[in-house]
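In listed order, ligands and their atoms are each counted from 1. Below, each value reflects all heavy atoms present in this structure, side chains not excepted, and no hydrogens, waters or symmetry copies.
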Amino acid sequence: MSETKTDNTQIALVTGASRGIGKAIAKALAKTDRFVYLNFNLNREKADTTLKEIISSGGNGALLQFDVTNQEESEKAIEKIIKEQGKIDILVNNAGIRDDKLMVRMKKTNWQTVLDTNLTGFFNVTRLVVKNMLPKRFGRIINISSTSGQIGQAGQVNYSASKAGLIGATKALSREIAKRNITVNSVAPGFIETEMIKGLSLEKIADTIPAGRLGKPEEVAATVLFLCSKDAGYITGQVIGINGGIL
Ligand code: NDP
């Protein structure tokens, strides 16, 4: 962890920051002088590489392993940040998984693990963070949803449900805390080039996207970065699509 943090440095937590979209978001936040806690679950090596890349380009941060499906682990991790920094200014709920199957073939475990990670993970991480943000009268919370949660995707009844749930939670929470200068928004990416979509026929998919290509993690990160800014203070309860025009 860096020694150069000053009192007015913003503190950010990005869940699932070891790779993909979370990695790009963590790097964008660190590049703009935030101290970033990089959460990961299993992939310490990739998380460590992300942190090294951040530090070598002049940014600051620390690794924070926890499983977002585990409430006790998640809350202990939040308490650790509060103990170390006294606050969390920015929370990006990005950790997520997919486990696609047609509904008729879906087992309860395929349903439950996706809901536990993508939706209950939001609850496990966000509750204590909000509690800490309220008296500080500042906060930015961004939940990474998906186009799949907006339109529904065949083979993703579990995933679409989790991501639609996240949009509902975003809207409800935004109303609870807007007066305290805490904004809560969702971004809903379409198809973004990460490990999550490995194995899909990407060329065929690109043909269905008006922009004619998949998105890049950095393109999602740019919107998240804006939502974290002072200029975005009047944007709350919104869902911003980053999808090349598919919706
Ligand atoms: P990746 O599969 O590349 O990365 C997933 C990240 O989530 C990893 O850092 C992983 O950590 C972390 N993670 C998974 N489960 C847990 C857990 N239980 N606790 C903590 N961390 C966990 O996915 P993407 O970067 O593509 O996706 C990021 C988010 O964006 C997800 O919410 C996804 O649903 C959403 N999204 C992605 C789209 C895409 O096309 N790629 C489209 C729309 C939305 P570890 O490495 O340790 O396993």
Do me a favour and list the nearest non-hydrogen protein atom to [atom] with residue, atom name and distance?
atom: atom 23 (O) of ligand 1; value: Met196 CB, 3.6 Å
atom: atom 28 (C) of ligand 1; value: Asn94 OD1, 3.2 Å
atom: atom 37 (C) of ligand 1; value: Ile21 CD1, 3.6 Å
atom: atom 9 (O) of ligand 1; value: Ser18 OG, 2.7 Å
atom: atom 18 (N) of ligand 1; value: Asp67 OD1, 2.8 Å
atom: atom 22 (C) of ligand 1; value: Ala95 CB, 3.6 Å
atom: atom 1 (P) of ligand 1; value: Arg19 NH1, 3.6 Å
atom: atom 24 (P) of ligand 1; value: Thr194 OG1, 3.6 Å

Mind listing the closest non-hydrogen atom pair of Asp33 and Thr9 along with its distance?
->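 The pair with the smallest heavy-atom distance is O-CG2, 3.4 Å.
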Looking at [X] and [Y], would you say the former's side chain and the latter's main chain have a donor-acceptor pair under 3.5 Å?
X: Ser162; Y: Leu119; result: no
X: Arg34; Y: Leu29; result: no
X: Asn94; Y: Ile144; result: no

Could you state the interatomic distance from OG1 (Thr15) to CG (Asn124), rounded to the nearest 0.5 Å?
->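 Rounded to the nearest 0.5 Å, the OG1-CG separation comes to 11.0 Å.
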How many angstroms lie between atom CE of Met133 and atom CD1 of Ile182, to the nearest 0.5 angstrom?
->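 Atom-to-atom, Met133:CE and Ile182:CD1 are 6.5 Å apart.
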Can you sort out which atoms of ligand 1 are near [X], meaning under 4.0 Å from one of its heavy atoms?
X: Asn43; value: 45 (P), 46 (O), 47 (O)
X: Pro189; value: 42 (C), 43 (C), 44 (C)
X: Phe66; value: 19 (N), 20 (C)
X: Asn39; value: 20 (C), 21 (N)
X: Leu42; value: 45 (P), 47 (O), 48 (O)
X: Phe191; value: 40 (O)

Ligand 1 and Ile192, any nitrogen or oxygen pair closer than 3.5 angstrom?
->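 N/O-N/O distance below 3.5 Å exists for this pair.
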Cationic N near anionic O, under 4.0 Å, Glu218 to Lys27 |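 Here Glu218 does not pair with Lys27 in a salt bridge, since their nearest N and O are not under 4.0 Å apart.
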For ligand 1, does [X] get within less than 4.0 Å through its side chain, its backbone, both, or neither, judged by non-hydrogen atoms?
X: Lys163; value: side chain
X: Asn41; value: both
X: Ile197; value: side chain
X: Thr15; value: neither
X: Ala188; value: neither
X: Tyr159; value: side chain

Testing the 3.5 Å rule here: is there a donor-acceptor pair between the side chains of [X] and [Y]?
X: Asp99; Y: Asn110; answer: yes
X: Thr117; Y: Thr69; answer: no
X: Asp231; Y: Ser229; answer: no
X: Ser186; Y: Ser145; answer: no
X: Asn43; Y: Ser18; answer: no

For Val104, which fellow cluster members are found when Ile, Leu, Val, Met, Phe, Trp and Tyr are connected by side-chain heavy-atom distances below 4.5 angstrom, either directly or through intermediates?
->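 Grouped by the 4.5 Å side-chain rule, Leu102 form the rest of the cluster around Val104.
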Mind checking whether [X] has a heavy atom under 4.0 Å from ligand 1?
X: Arg44; value: no
X: Ser148; value: no
X: Gly121; value: no

Give the single entry among Val68, Val114, Ile144 that approaches atom 19 (N) of ligand 1 most closely by any heavy atom.
->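 Heavy atom nearest to atom 19 (N) of ligand 1 belongs to Val68.
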Any idea which of Gly96, Ser145, Gly16 brings a heavy atom closest to atom 5 (C) of ligand 1?
->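 That would be Gly96.
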Of all residues at least two apart in sequence or in a different chain, which pass the salt bridge (Lys or Arg N to Asp or Glu O under 4.0 Å) check with Lys131?
->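 Testing Lys131 for salt bridge (Lys or Arg N to Asp or Glu O under 4.0 Å), a comparison that skips the adjacent residues, returns none.
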Pick from Glu72, Glu79, Glu73: which one makes a salt bridge (charged side-chain N to carboxylate O under 4.0 Å, His left out) with Lys76?
->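 Only match with Lys76 under salt bridge (charged side-chain N to carboxylate O under 4.0 Å, His left out): Glu72.
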